Protein chains: 2
Amino acid sequence: MGVGTGTIVGPSFSPLYAQIKGLLIASLQAGEWKAGEAIPSELDLAARFGVSQGTVRKAIDEMAADNLLVRRQGKGTFVATHAEQKVQYRFLRLMPDEGSGSLERQLLDCRRLRAPASVARQLQMRAGDQMVEVRRLLKAEGKPVVLDDICLPGDLFKGLTTERLNQYRGPFYGLFEAEFGVHMIRAQEKIRALPADAEAARLLQVPVGTPLLSVERLSFTYGDKPVELRRGLYHTASHFYRNELN
Amino acid sequence: MGVGTGTIVGPSFSPLYAQIKGLLIASLQAGEWKAGEAIPSELDLAARFGVSQGTVRKAIDEMAADNLLVRRQGKGTFVATHAEQKVQYRFLRLMPDEGSGSLERQLLDCRRLRAPASVARQLQMRAGDQMVEVRRLLKAEGKPVVLDDICLPGDLFKGLTTERLNQYRGPFYGLFEAEFGVHMIRAQEKIRALPADAEAARLLQVPVGTPLLSVERLSFTYGDKPVELRRGLYHTASHFYRNELN
DNA sequence: AAGTGGTCTAGACCACTCT
DNA sequence: GAGTGGTCTAGACCACTTG
């Protein structure tokens with residue numbers, strides 16, 4: 001196996017289960033198991049890595065806590081996916097004041113362009129590299145609620161077109177997994193209150209100057225690689241952003 | 001011990017470690033160990049409950065993940081507290097665009113009144129029961145950034161006065177633990193964008209109508225009992241609300 | 001019945017803190 | 001050196017799913 005207790009000078013200690021976790025993440029990253037598929041059983045993995053079941057278990061436990069894997073008793077352990085009913089819209093915190101609140105999608109725009117410096121920096125690209133920009137509305141009962149502006153690295157999303165986006169049922173992140181092999185596993189958001197400018201006011205059908213929630217999201221895939229920069233404007237008259245603090 | 005595998009009709013199964021966890025939470029709630037104190041060692045608890053160390057371990061692991069306890073290798077396991085440097089402002093997600101961003105507190109008001117119906121309902125009190133209302137500003141480099149309006153049940157916070165609040169160093173939640181034995185362990189927030197009304201505009205020193213982040217927080221103590229309703233108005237010109245999605 | 005994840009145990013040893 | 005939490009093992013048995 002080649003485990004050891006860490007490097008001579010290094011961060012002093014890396015337990016076996018953490019190393020197993022690293023190997024499993026590398027396999028996910030390499031696409032050895034695809035989104036929604038089962039990974040090998042704990043006993044199989046224990047045999048493969050030459051450790052006990054308990055050690056594999058602890059590695060998988062952490063990955064399940066990180067939402068990288070999903071355990072299902074009696075069935076197996078599966079690669080987490082955004083394309084299933086249960087966790088759909090995992091990253092969307094918008095809730096309606098009343099009602100269930102299913103949202104319709106309306107695509108506004110999808111085009112390729114050169115990344116401006118500010119976007120390139122956050123996505124760790126070079127300024128001028130190709131990127132894809134998608135703009136869309138989310139509507140609740142016909143009324144626009146969210147205006148999204150999504151920036152993606154061009155090299156990872158080569159075949160992305162308006163048609164592909166319109167064909168696909170379910171959230172974008174499901175499409176990104178299935179068609180481009182890009183899994184969003186983590187994101188950070190910066191939230192502010194801003195007045196609607198002319199364009200946002202027109203698209204969201206509110207007066208210019210209406211306070212909107214500005215949600216700037218940077219999403220990461222395996223290895224903390226940033227792969228999406230998204231700016232949402234939320235009209236919070238009959239919806240709110242829900243957050244749980246622990 | 002009286003463990004068993006659950007009731008005849010009930011939710012079909014309750015593992016030992018979950019029962020241990022329940023007993024430990026009950027002890028916390030009863031005040032057997034106070035905020036910041038050490039609880040007994042894993043071996044002591046295993047002996048007390050008549051189970052193996054591993055079972056106690058799993059119970060404590062979950063409670064540490066829930067931020068109820070803090071493990072410190074070589075020292076022991078401690079009751080989590082809001083009154084220590086490391087996790088200070090655990091529930092405050094406001095970040096400055098640049099700089100470190102230490103905040104000064106300015107108390108505006110602290111008075112007792114009868115709870116209006118809307119507040120009473122959320123705090124599970126009866127309308128007309130006594131409550132305490134605290135209002136305060138948070139300032140960064142002299143400029144007001146947050147206007148908080150805090151509602152607390154009167155019966156739990158009997159001796160709470162302007163003086164006590166002003167004397168105490170550190171976050172309110174530290175005071176609440178030390179003086180009133182009330183631990184906030186979880187909260188949910190509803191966030192909207194709203195225009196500043198006349199009073200908010202005056203206190204936050206912004207023009208009337210300026211978009212503000214409205215953060216409505218309901219905080220819970222052990223047993224999912226709501227014990228604080230807080231409404232914050234955040235001026236997000238040079239600060240933002242930070243959120244991590246997993 | 002076979003295979004999966006889930007629980008529980010008992011014991012060994014390691015890493016860290018304090019005295 | 002003694003006491004604490006942290007890791008790892010091996011094995012038994014339970015709960016759940018599928019054939």
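Only a predicted model underlies this, so the values are computations on that prediction, with no experimental measurement involved. Chain A is the first sequence line, chain B the second, and so forth, proteins listed ahead of strands; every chain is numbered from 1.
Between the CG atom in B/Leu213 and the CZ atom in B/Arg93 there is a gap of 13.0 Å [rounded to 0.5 Å].
Distance, B/Gln53 CD to C/dA10 P: 11 Å, rounded to whole Å. Straight-line distance from the CD1 atom of B/Ile39 to the P atom of D/dT4: 12 Å, rounded to whole Å. Atom CG in B/Leu43 sits about 14 Å away from atom C1' in C/dT9, given to the nearest Å. B/Asp61 places its CG atom 12 Å from the P atom of C/dT7, with the value rounded to the nearest Å. Straight-line distance from the CZ atom of A/Phe13 to the P atom of D/dT7: 7 Å, rounded to whole Å. Note: CD1 (B/Ile60) to C1' (D/dG5) measures 9 Å, nearest angstrom.
Taking 4.0 Å as the cut-off between side-chain N and carboxylate O, A/Arg231 and A/Glu216 do not count as a salt-bridged pair.
The shortest distance between the side-chain N/O atoms of B/Thr55 and the OP1/OP2 oxygens of C/dT9 is below 4.0 Å. Side-chain N/O atoms of B/Lys75 include none lying less than 4.0 angstrom from OP1 or OP2 on D/dG5. Between B/Arg72 and C/dC16 there is no side-chain polar atom (N or O) within less than 4.0 angstrom of OP1 or OP2. Contact between the side-chain N/O atoms of B/Ser41 and the OP1/OP2 oxygens of D/dG3 is not found at any separation under 4.0 Å. At the phosphate of D/dT7, OP1 or OP2 sits under 4.0 Å from a side-chain N or O atom of A/Lys58. Phosphate proximity of D/dG5 to B/Arg57: absent, as no side-chain N or O sits under 4.0 Å from OP1 or OP2. Residue B/Tyr17 places at least one side-chain N or O closer than 4.0 Å to OP1 or OP2 of C/dT7. Applying the 4.0 Å criterion to OP1 and OP2 of C/dT4, one finds that A/Thr77 has every side-chain N and O outside that range. Applying the 4.0 Å criterion to OP1 and OP2 of C/dG6, one finds that A/Arg71 has a side-chain N or O inside that range.
The nucleotide whose nearest atom lies closest to any side-chain atom of B/Leu16 is, among C/dG5, D/dT17, C/dC8, C/dC8. Looking at the side chain of B/Glu42, the nearest of the listed nucleotides D/dT17, C/dC8, D/dG6 is D/dG6.
Using modelled atom types, one side-chain atom of B/Arg105 and one backbone atom of B/Gly170 make a donor-acceptor pair closer than 3.5 Å.
Within 6.0 Å of NZ on A/Lys139 lie more than 12 heavy atoms contributed by other residues, nucleotides or ligands. The number of heavy-atom neighbours closer than 6.0 Å to CD of A/Glu98, taken from other residues, nucleotides and ligands shown, is 12 or below.
Map A/Gln73 and B/Gln73 each onto its nearest nucleotide of DNA chain D; the residue landing nearer the 5' end is B/Gln73.
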